[in-house]
Amino acid sequence: MPSSSFDSSVGDDKGALSNFKLNESTFLASLMPKKEIGADRFLENHPKYDGRGVIIAIFDSGVDPAAAGLQITSDGKQKVLDVIDCTGSGDIDTSKVVKADADGCICGASGASLVINTSWKNPSGEWHVGYKFVYELFTETLTSRLKKERKKKWDEKNQEEIAKAVKELHDFDQKHIKVEDAKLKRVREDIQNRLDILRRQSESYDDKGPVIDAVVWHDGEVWRVALDTQSLEEDPDCGKLANFVPLTNYRTERKYGVFSKLDACTFVVNVYNDGNVLSIVTDCSPHATHVAGIATAFHPKEPLLNGVAPGAQLISCKIGDSRLGSMETGTGLTRALIAAVEHKCDLINMSYGESTLLPDYGRFVDLVNEVVNKYRIIFVSSAGNSGPALNTVGAPGGTTSSIIGVGAYVSPAMAAGAHCVVEPPSEGLEYTWSSRGPTADGDLGVCISAPGGAVAPVPTWTLQRRMLMNGTSMASPSACGGTALVISAMKAEGIPVSPYSVRKALENTCLPIGDSPEDKLTTGQGLMQVDKAFEYIQKCQNFPCVWYQINIKQSGKSFPSSRGIYLRETSACQQSTEWTVQVNPKFHEDANNFEELVPFEECIELHSTEKDVVKAPEYLLLTHNGRTFNVVVDPSSLSDGLHYYEVYGIDCKAPWRGPLFRIPVTITKPKAVTNQPPQVSFSKMLFKPGHIERRYIKVPHGASWVEATMKASGFDTARRFFVDTVQICPLKRPLKWESVVTFSSPAAKSFAFRVVGGQTLELVISQFWSSGLGSHETTSVEFEVEFHGINVNQEELILDGSEAPVRIEAEALLTSEKVAPVAILNKIRVPYRPIDSKISALSTDRDKLPSGKQTLALTLTYKVKLEDGAQVKPQIPFLNNRIYDNKFESQFYMISDSNKRIYSSGDVYPSSTKLPKGEYTLQLYLRHDNVQILEKMKQLVLFIERNLEDKDVVQLSFFSQPDGPVMGNGVFKSSTLVPGVKEAFYMGPPPKDKLPKNSPQGSVLVGAVSYGKLSGQGENKNPEKHPASYRVSYIVPPNKVDEDKGKGSSSPSNKTVSERLEEEVRDAKIKVFGSLKQESDEERLEWKKLSTSLKSEYPNYTPLLAKILEGLVSRSNNKDQIRHDEEVIDAANEVIDSIDRDDLAKYFALKNDPEDEDAEKLKKKMESTRDQLAEAFYQKGLALAEIESLKDVDKPLASAKDVDKTDPGVHPDLFEENYAELKKWVDVKSTKYGTLLVARERRCQRLGTALKALSDIIQDDTEPAKKKLYELKLSLIDEIGWTHLATYEREWMLVRFPPSLPLF
């Protein structure tokens, strides 16, 4: 290839890398590889071109600015210029504004009282407050470490209390050998309950983490932030708000904080939206810091451990969302691009990505193209870690034209030093797992390669300075750092920087890796060489900055277009095909028409790397408006397997520039399967470390799964293999199956996986690059593939809700197969439409695009009701499972209960969450800059998918007759299909009595169906375990009409029309009265007047009196609580006096005839009266207890040993009398009335028994958590004196009852 001719002098370096012996310096150098890409040679010649003047944006999980090597640059400047959380996962709502009291205290958002430092300037006197659970800011690893530490300390305190309770119980038993007195029994029971509670609490301990209070204010110049972190500290004097050294936006002063010595976690702050949003930025994994260290770390005392460009500066753009582990989000990606432009970055490194449906497509790709083409930012990204199969490059790095995708290379020095292998490989190679091209549309995929492993800095919370990581995530910053050296040199020498010219220099000066043309799909153009790339740029600086956009279509077809030629299927490999290639020179947006565009004209000499297969014209005159030419590809004479060629264009006037553009031509000619039964074997494949064997097979039509066997022999030490298969289907992500197999001794392994008939299958077997190093034995592998398949007339089955079955026609096209259909329905999907939608413009602080457009947000609200607890997952078919290949910017959802407690959140990949029974609100948040598009989404359908319990899973039946589902005859179990003979059977709908409860009309039961039987497999009841299973759906029909509905309504009434009308008017008045508000004094006065009027109009009418009592109880913020409680007692007495309790008791002593309609009506009325009576006794008891506690609040409390208020001999007790009456009518231990039992035990100072009763009530309550119950629980714990448990419960109070929903 022409590019190799420019690097003839570097050929010696390749050999030098393999002939080495480690000493201390070469060992240290191998930990941070630079020699491999020529960075050491470059810096030796140009020591001041070490990245100075270059700013790199690190799009990743968040960089720790306190990490080793990331403080200053080689020329003494601040290394980290800005640290931003682009995802919003660290955002705190600080819109609540408070003012300090006379003592200089404010109430924090968590409810804590906070002391303000008097030296802090705050001209307005306004303090914005918010709070955050600190675990939401920490990684899972750090959280796990802290939980262990906190649990250990909590257990110590809990054990102290347990020991006290045990001693108290022991002392009691020693003092009272035989306990018969009721009072003493209750005292002992109370001590035992305390002990039981402490023991149970230890078992159920679930640490939700400390809460930190945040305070934001404007000091007249900038926004300031202070945190109260006392909850993280053991010493109560540490972590106080007043002792915090205030921070401002990191970009302004470049200062950071650490939460506590225990966590050692660095954070920075940024304030947005006029103080209403505080962003606390932490990293969500060590990944970004490691990446930043590879690219830019500077260690003055350890120069061998420097990053590639120690003089470069960086900004950290956190795109990994802490709420999602570390998954990137569209919001994070977009804000990161905005920040990169705002900071005038030269480079972006993004070591993130995933597979994609469409290459070079999507909202993020559009924005990247703008950033590269308009703002001249060079974008470098990892190609992915999904190799070694072809078509595994990920988005955006390996699939986007404007991004430099980087593969991962390992040198002998890296293997010996960083990886500590016994015997390094003789020469460098690509890591086994590094993703390979081409893309689905034929582009090369991998642009260049760089070292894919390093021992680099990591965040301080890891409690170590650096660690080894490997992946294309490490190769990308190595290449990015190398590019930074080139840019540094260009800036120093006044050479204009362009992504186009820099990329061309990098690609055309690479050191080839491997000996075959096909290796380009693995390594790209090869191992980048910094020194050679800069020499190239120096020579080319007077040439126009142009990128050559390639657009290819097969002649005669208008769709699809591609960026390369990719012949993968058999039909495309049997004859010549002609392709039209459009070459469009692309200039930067600010290019001058007269000085750059009009004069542009290049005489291009076209070359083919193999003219017998790929034919192209010899010359092309290219102007600014582009040019087309045709290419003919004739693969008909090629052997089976992989072939790679290129058509490339050379500047006739300056051939030394190398290829100006390349057209990749990839051909995978598959082997046809002609054996019967259909199988293919590959024998005597010999493997050494890093060796890869690729086989291409045309999957026979009719095949749907494969049963394969792999045998390995002839080796000594254990061998590790990657076995991958890939098929490409239009508008689908690659169908990939993979397995990692380890052979400790010669053996055979079996696999089964799905295939698509008629499509080419790539089978890749690779010995892991480091497996077997040090052993000189060659592994022999045999691999046998046997194809199976049952073709059906419809793969995805839909049962429409009727009684009719679905007819299935099956045939075996390959060989005889046993058809044994199995189908289940194991999930239910319930559709919902939003009850509310709102479009809003986001703040300009971080959501204004470089183009000037403002990002908008659509918030959709859905109401979801679960009749039972279940594992649920939100599904949005239109949006899910696409990040990069999606024209929407982002999506995010949160599920909360009526208390605003968040149970689940997610984005494009929804997660399953266990939700208890109850009603929930799901808010979906969509972002875009086009309001018309968001308007179209206002009625977006969302499904809640629920896993059915095992007992509710529906097993579908198959029949040989169409009447089978109703008649119950002709059950179909299995049959043997003979090739050429079709057979039909029916799948019946589920019996209506087998439908799971809570299956509303319009919901869909979904599951799977399989038809075939694997060799040697017994009875299979779960089709999802079969490699070839298909989806089956059942649409739930309308519920059956209740035949009894409406009966009984025609029974004659004994009342006259005037009597019925009077009753209707009375009930209407009471209904209106019950709806009146009592928030202000005027409203309360109006309410009282109406209640008096109604009482005089309807004296002793129990429902009215019960409604008055209800209204009094509902009042809050009462100025005189004792007076209010007395009013409640009076109202309760009126209800009690209005009811004839004797008649009520007599009624419930008798049995009723459920068939008698009048008797049933009377029963309902009497039950209602009983409930009103019980409620009156209950509310009266609570009021009595509260009056007593308020009057005794200043008196010292007697212990339970000294007084028992249930003793009738002491004095008449209104509370006990009332309690005794309530017990006659209801179970006082029930959820509804148990609070009075708690109050009774508390007034008797049996706090352990009170707490046990309350805990039972809370546990048995199926409704959403009630704040009053938990406040009561906390007050009991405080009264007992269990401070460790009180702290724990206070943290949980904010989990269960947050003041507001978190920000998106």
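When a residue number appears, it is its place in the shown sequence, counting from 1. Predicted model only: the values in this text are computed from it and were never measured.
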Asker: With the side chain counted from C-beta on, respond yes when W547 and V372 share a heavy-atom pair under 4.5 Å apart, and no when they do not.
Answerer: no
Asker: Taking only residues two or more places apart in sequence, or in another chain, which ones meet D885 in a salt bridge (charged side-chain N to carboxylate O under 4.0 Å, His left out)?
Answerer: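 Per chain and number, D885 pairs via salt bridge (charged side-chain N to carboxylate O under 4.0 Å, His left out) with no residue.
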Asker: In chain order, what residues pass the salt bridge (charged side-chain N to carboxylate O under 4.0 Å, His left out) check against R363, with sequence neighbours excluded?
Answerer: E889, D929
Asker: Check the side chains of N625 and T623 for a donor-acceptor pair under 3.5 angstrom, ignoring hydrogens and angles.
Answerer: no
Asker: Tell me, with the steps shown, if Q549 and N551 meet side chain to side chain donor-acceptor pair (under 3.5 Å).
Answerer: CA-CA 7 Å; Q549 185 182 61; N551 191 287; over 6 Å; no
Asker: Taking only Lys NZ, Arg NE, NH1 and NH2, and the carboxylate oxygens of Asp or Glu, determine whether R323 and D321 approach each other closer than 4.0 Å.
Answerer: yes
Asker: Do Y548 and K586 have side chains that get closer than 4.5 Å, going by heavy atoms?
Answerer: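 No; the side chains remain at least 4.5 Å from each other.
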Asker: Ion pair present between K48 and D50, side-chain N to carboxylate O less than 4.0 angstrom?
Answerer: no
Asker: Checking S279 now: which residues fulfil side-chain contact (heavy atoms from CB on, under 4.5 Å) with it, not counting sequence neighbours?
Answerer: D85, D91, N270, Y272, V281
Asker: Okay, side chain of N508, backbone of P659: is any donor-acceptor separation there less than 3.5 Å?
Answerer: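 At least one qualifying donor-acceptor pair exists.
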Asker: So among T331, T87, L324, L879, which one has a side chain to side chain contact (heavy atoms under 4.5 Å, CB included) with D907?
Answerer: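 Going through T331, T87, L324, L879 one by one, the side chain to side chain contact (heavy atoms under 4.5 Å, CB included) with D907 is satisfied by L324 alone.
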Asker: Give the intermediate values and the outcome of side chain to side chain contact (heavy atoms under 4.5 Å, CB included) for residues L622 and V583.
Answerer: CA-CA 8 Å; L622 189 62; V583 181; 4.0 Å; yes
Asker: For A340, check side-chain contact (heavy atoms from CB on, under 4.5 Å) against everything at least two apart and list the hits.
Answerer: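 So A340 forms a side-chain contact (heavy atoms from CB on, under 4.5 Å) with A57, F59, C345, I348, I377.
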Asker: Regarding Q525 and K520, is there a side-chain donor-to-acceptor distance under 3.5 Å anywhere?
Answerer: yes
Asker: Going by heavy atoms in the side chains, are V271 and N249 under 4.5 Å from each other?
Answerer: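 In contact.
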Asker: Looking only at side chains, do T400 and S402 share a donor and an acceptor under 3.5 Å apart?
Answerer: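 There is no such pair (donor and acceptor under 3.5 Å, judged by atom type) between the side chains of T400 and S402.
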Asker: Would you please name every residue forming a ring pair (Phe, Tyr, Trp, His ring centres under 6.0 Å) with F364, sequence neighbours left out?
Answerer: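 For F364 the ring pair (Phe, Tyr, Trp, His ring centres under 6.0 Å) partners, ignoring immediate neighbours, are Y884.
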Asker: Is it the case that over 12 heavy atoms from other parts of the model lie below 6.0 angstrom from the NZ atom of K491?
Answerer: yes
Asker: Under the side-chain contact (heavy atoms from CB on, under 4.5 Å) rule, collect the residues that match up with S382, sequence neighbours excluded.
Answerer: S351, T472, S476
Asker: Side chains of E493 and Q538: is there a donor and an acceptor less than 3.5 Å apart?
Answerer: yes
Asker: Between H290 and M474, is there a donor-acceptor pair closer than 3.5 Å when you use the side chain of the first and the backbone of the second?
Answerer: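 The answer is no, because no donor-acceptor pair under 3.5 Å joins these two groups.
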Asker: Would you call R251 and E342 a side-chain contact if the rule is heavy atoms closer than 4.5 Å?
Answerer: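 SC-SC contact between R251 and E342 confirmed.
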Asker: Please check if the side chain of T439 supplies one atom and the backbone of D443 the other of a donor-acceptor pair under 3.5 Å.
Answerer: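 Such a contact is found between T439 side chain and D443 backbone.
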Asker: Return the orientation label for the H46 and F42 ring planes: parallel under 30°, perpendicular over 60°, tilted otherwise.
Answerer: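 Taking F42 first and then H46, their aromatic rings sit tilted (interplane angle of 30° to 60°).
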Asker: With sequence neighbours left out, write down each residue that passes salt bridge (charged side-chain N to carboxylate O under 4.0 Å, His left out) with D82, or none if nothing qualifies.
Answerer: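 Listed in chain order: nothing, the list is empty.
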Asker: Would a distance-only check, ignoring hydrogens and angles, find a side-chain to backbone donor-acceptor pair under 3.5 Å from N276 to N273?
Answerer: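 Yes.
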Asker: Is the shortest side-chain heavy-atom distance between I56 and C480 below 4.5 Å?
Answerer: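 Counting from C-beta outward, I56 and C480 do come under 4.5 Å.
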Asker: Begin with the C-alpha distance, continue with both residues' side-chain angles, and end with the deciding distance and a verdict on side chain to side chain contact (heavy atoms under 4.5 Å, CB included) for T329 and I319.
Answerer: CA-CA 6 Å; T329 64; I319 61 169; over 6 Å; no
Asker: Scan side-chain atoms only and decide if S401 and R563 contain a donor-acceptor pair under the 3.5 Å cut-off.
Answerer: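 Indeed, the side chains of S401 and R563 share at least one donor-acceptor pair under 3.5 Å.
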Asker: Scan side-chain atoms only and decide if Y536 and E507 contain a donor-acceptor pair under the 3.5 Å cut-off.
Answerer: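 No, no side-chain donor-acceptor pair sits under 3.5 Å.
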Asker: Centres of the H928 and F888 rings: under 6.0 Å?
Answerer: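 Yes.
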Asker: As a quick check of understanding, evaluate side chain to side chain donor-acceptor pair (under 3.5 Å) for H287 and S473, giving each step before the final call.
Answerer: CA-CA 8 Å; H287 192 266; S473 286; 2.9 Å; yes
Asker: Looking only at side-chain N and O atoms, does T392 offer a donor or acceptor that is under 3.5 Å from a partner on S386?
Answerer: no
Asker: Is there side-chain contact between T523 and L527, with heavy atoms separated by less than 4.5 Å?
Answerer: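 T523 does not reach L527 side chain to side chain.
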Asker: Suppose we screen for side chain to side chain donor-acceptor pair (under 3.5 Å). Which residues come up paired with E253, at least two apart in sequence or across chains?
Answerer: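 Here the qualifying residues are R224.
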Asker: Can you list everything that forms a ring pair (Phe, Tyr, Trp, His ring centres under 6.0 Å) with Y256? Sequence neighbours excluded, please.
Answerer: none
Asker: Please answer whether the main-chain N or O of A408 pairs with a side-chain N or O of S449 as donor and acceptor at a distance below 3.5 Å.
Answerer: no
Asker: Could I get the full list of side-chain contact (heavy atoms from CB on, under 4.5 Å) partners for A479, not counting sequence neighbours?
Answerer: V380, V406, I448, A450, M528
Asker: Measure from the side-chain N and O atoms of T628 to the backbone N and O of Q582, and report whether any donor-acceptor pair falls under 3.5 Å.
Answerer: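 No: the side chain of T628 does not pair with the backbone of Q582.
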Asker: For residues 588-598, which side-chain donor-acceptor pairs fall under 3.5 Å, sequence neighbours excluded?
Answerer:
| unit_1 | atom_1 | unit_2 | atom_2 | d |
| --- | --- | --- | --- | --- |
| H588 | ND1 | N373 | O | 2.9 |
| H588 | NE2 | S498 | OG | 2.7 |
| D590 | OD1 | R376 | NH2 | 3.0 |
| N592 | OD1 | F594 | N | 2.9 |
| N592 | OD1 | E595 | N | 2.8 |
| E596 | OE2 | N592 | N | 3.1 |

Asker: Return yes if some donor-acceptor pair links the side-chain N/O of K532 with the main-chain N/O of L506 below 3.5 Å, else return no.
Answerer: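 Between the backbone of L506 and the side chain of K532 there is no qualifying donor-acceptor contact (under 3.5 Å).
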Asker: Is there a donor-acceptor contact under 3.5 Å from the side chain of E354 to the main chain of G394?
Answerer: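 Side chain of E354 to backbone of G394, a donor-acceptor pair under 3.5 Å: no, none is there.
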Asker: Quick one: do R657 and I650 satisfy side chain to side chain contact (heavy atoms under 4.5 Å, CB included)? Show the steps, please.
Answerer: CA-CA 7 Å; R657 293 174 65 194; I650 297 288; over 6 Å; no
Asker: With ring pair (Phe, Tyr, Trp, His ring centres under 6.0 Å) as the criterion, how do F587 and F600 come out once you've worked through the C-alpha distance, each side chain's angles and the decisive distance to 0.1 Å?
Answerer: CA-CA 10 Å; F587 290 78; F600 178 80; 5.3 Å; yes
Asker: What's the verdict on side chain to side chain contact (heavy atoms under 4.5 Å, CB included) for R927 and D847, showing C-alpha distance, side-chain angles and the deciding distance?
Answerer: CA-CA 10 Å; R927 290 166 48 111; D847 291 309; 2.9 Å; yes
Asker: Counting only heavy atoms not in K374, do more than 12 sit closer than 6.0 Å to its NZ atom?
Answerer: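 Yes, the 6.0 Å shell around NZ holds more than 12 heavy atoms from other groups.
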Asker: Would you say the rings of F661 and Y648 are close, in the sense that their centroids are separated by under 6.0 Å?
Answerer: no
Asker: Is atom NZ of K853 surrounded by more than 12 heavy atoms (other residues, nucleotides or ligands) closer than 6.0 Å?
Answerer: no
Asker: Among side-chain atoms of D64 and T289, is any donor-acceptor pair under 3.5 angstrom?
Answerer: no
Asker: Is there side-chain contact between T282 and K318, with at least one heavy-atom pair below 4.5 Å?
Answerer: yes
Asker: Kindly write out the residues that satisfy side chain to side chain donor-acceptor pair (under 3.5 Å) with D283, not counting sequence neighbours, or none if the list is empty.
Answerer: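 With neighbours one apart ignored, the set is W461.
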Asker: With a 4.5 Å heavy-atom cut-off, do L485 and V308 have their side chains touching?
Answerer: yes
